[in-house]
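The structure appears right after this line, and notes come after that.
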Amino acid sequence: GELDIQADDKIGVINFQAPDEETGGAAITVCAGIEAVSEGDFSSSSNATKLSFKTASTTNAAETMSLSSIGNLTLKNTVGPELFLNNTNTASDGNTCGSIKFNANDEAGNNQSYASITGTATLVTPDSEKGTLSFGVACTDTGGIDTVLTIAGGSSGSGSITTIQGDLTVNGSTTTISTTNLVVEDELIKLAQGSTGTSNDIGLIFTRSSNTANKAIIWDATLDTFSL
């Protein structure tokens with residue numbers, strides 16, 4: 001056997017091939033494979049190895065997925081990898097298509113889910129399908145995952161509904177809301193949060209047509225009064 005394993009050495013290889021295929025060409029090359037590949041030089045304290053999974057379509061099989069020694073899964077191809085979570089159960093409204101859960105141990109050593117992403121088939125009628133994507137996080141009130149963000153498909157993308165449970169914090173210089181009507185339940189709207197000066201004018205500006213002057217309600221700091 002090999003006495004000195006270096007980085008990228010192949011420790012074991014399983015290839016799948018149809019060498020007797022009559023059509024020849026790509027048909028007789030390696031069409032799939034699994035390789036154990038060293039991630040570094042082996043030593044008395046290290047034998048880090050990844051598993052490389054290879055597939056082919058028109059030529060020799062090449063790596064399309066790998067699992068590293070620490071458990072990182074990498075997918076790759078030339079047009080952008082896709083991950084399908086496919087529920088093949090009998091079609092029914094409300095079926096879970098698939099979930100991704102993010103787990104870690106708690107202080108007691110119990111493996112717990114701290115966040116999740118779940119896709120649901122809301123409506124399974126052919127040509128009228130609707131789906132829902134839900135984002136959840138662990139909350140102390142239940143000790144489990146609570147849904148905090150839901151995106152529900154509508155008749156179109158613009159007809160879909162996004163629902164946020166809890167507070168929303170937006171960090172940035174500009175927030176643009178392109179809606180026909182904005183409905184606010186709060187009775188008070190606070191402007192200029194975080195302002196430390198007393199000389200800033202504060203108010204609301206009402207945009208009108210391009211050939212008509214805008215209107216505004218402004219607190220004029222210089223005059224110490226509201227101005228229209």
Side-chain angles (χ1 to χ4, degrees), residues 1-105 111-136 145 149-153 156-157 160:
E2 178 64 52
L3 299 179
D4 184 16
I5 300 296
Q6 304 293 317
D8 298 322
D9 279 352
K10 296 179 180 180
I11 301 168
V13 176
I14 302 175
N15 282 331
F16 303 89
Q17 188 175 11
D20 298 326
E21 165 62 39
E22 293 181 351
T23 55
I28 62 174
T29 62
V30 174
C31 58
I34 304 173
E35 298 180 355
V37 182
S38 60
E39 293 180 328
D41 295 347
F42 275 25
S43 69
S44 60
S45 60
S46 176
N47 63 346
T49 303
K50 76 170 184 177
L51 281 179
S52 173
F53 298 85
K54 296 185 173 184
T55 56
S57 57
T58 60
T59 185
N60 262 330
E63 183 179 272
T64 52
M65 183 175 74
S66 64
L67 181 64
S68 75
S69 59
I70 61 173
N72 290 334
L73 183 66
T74 301
L75 306 177
K76 61 181 181 181
N77 65 30
T78 58
V79 295
E82 295 181 322
L83 177 64
F84 293 89
L85 304 180
N86 192 4
N87 182 350
T88 59
N89 198 5
T90 303
S92 178
D93 292 350
N95 273 355
T96 297
C97 303
S99 295
I100 300 174
K101 294 189 176 181
F102 304 87
N103 283 29
N105 289 338
N111 192 256
Q112 300 288 341
S113 293
Y114 287 88
S116 68
I117 303 173
T118 301
T120 303
T122 310
L123 181 65
V124 297
T125 304
D127 300 322
S128 297
E129 295 90 342
K130 291 183 181 180
T132 298
L133 190 63
S134 302
F135 297 80
I145 298 293
L149 173 64
T150 301
I151 304 172
S156 63
S160 300

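Quantities reported herein were computed from a predicted structural model and do not represent experimental measurements.
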**Request:** Apply the test side-chain hydrogen bond (donor to acceptor under 3.5 Å, both in side chains) to residues Thr122 and Thr132: give CA-CA distance (whole Å), side-chain angles for both, the deciding distance (0.1 Å), then the verdict.
**Result:** CA-CA 6 Å; Thr122 310; Thr132 298; 2.7 Å; yes
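- Note that the OG1 atom of Thr74 and the NZ atom of Lys50 stand 8.0 Å from one another [nearest 0.5 Å].
- Here the closest non-hydrogen pair linking Gln112 and Tyr114 is O-CD1, 3.4 Å.
- One finds the CD1 atom of Ile11 at 8.0 Å from the CG atom of Asn47 (value rounded to the nearest 0.5 Å).
- Cys97 and Thr120 make their closest contact through SG-C, 3.9 Å (heavy atoms, listed as atom of the first residue, atom of the second, distance).
- The shortest non-hydrogen separation linking Val124 to Ser92 is CG1-O, 3.8 Å.
- Summarising the geometry of Ala27 relative to Thr23, their closest heavy-atom pair is CB-OG1, 3.4 Å, with the distance given to 0.1 Å.
- Between Ser69 and Thr49, the closest side-chain pair of non-hydrogen atoms is not below 4.5 Å.
- At least one donor-acceptor pair under 3.5 Å links the side chain of Asn87 to the backbone N or O of Thr96.
- Counting only heavy atoms from C-beta outward, the side chains of Val37 and Glu39 never approach each other to under 4.5 Å.
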**Prompt:** Could you walk me through whether Leu133 and Ile117 pass the side chain to side chain contact (heavy atoms under 4.5 Å, CB included) check?
**Reply:** CA-CA 7 Å; Leu133 190 63; Ile117 303 173; 3.8 Å; yes
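- Between the side chain of Gln17 and the main chain of Pro19, no donor-acceptor pair closer than 3.5 Å is present.
- The backbone N or O of Thr64 lies less than 3.5 Å from no partner atom in the side chain of Asn77, so there is not a single donor-acceptor pair.
- Residues Gly153 and Ser160 share a closest heavy-atom pair of CA-OG, 3.5 Å.
- In this structure, CD1 on Ile34 lies 13.0 Å from OG on Ser66, to the nearest 0.5 angstrom.
- Between the CZ atom of Phe135 and the CD1 atom of Ile151 there is a distance of 5.0 Å, given to the nearest 0.5 Å.
- Of the inter-residue distances, the one linking Lys54 atom NZ with Asn15 atom CG reads 7.0 Å to the nearest 0.5 angstrom.
- The number of heavy-atom neighbours closer than 6.0 Å to CD of Glu22, taken from other residues, nucleotides and ligands shown, is 12 or below.
- Distance check, rounded to the nearest 0.5 Å: CG of Leu67 to CZ of Phe53 gives 6.5 Å.
- Nearest approach of Ala61 to Ala32, heavy atoms of both residues: CB-N, 3.8 Å.
- A side-chain donor-acceptor contact under 3.5 Å links Ser38 to the backbone of Asp9.
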**Request:** Given side-chain hydrogen bond (donor to acceptor under 3.5 Å, both in side chains), test Asp8 with Gln6 step by step and report yes or no.
**Result:** CA-CA 6 Å; Asp8 298 322; Gln6 304 293 317; over 6 Å; no
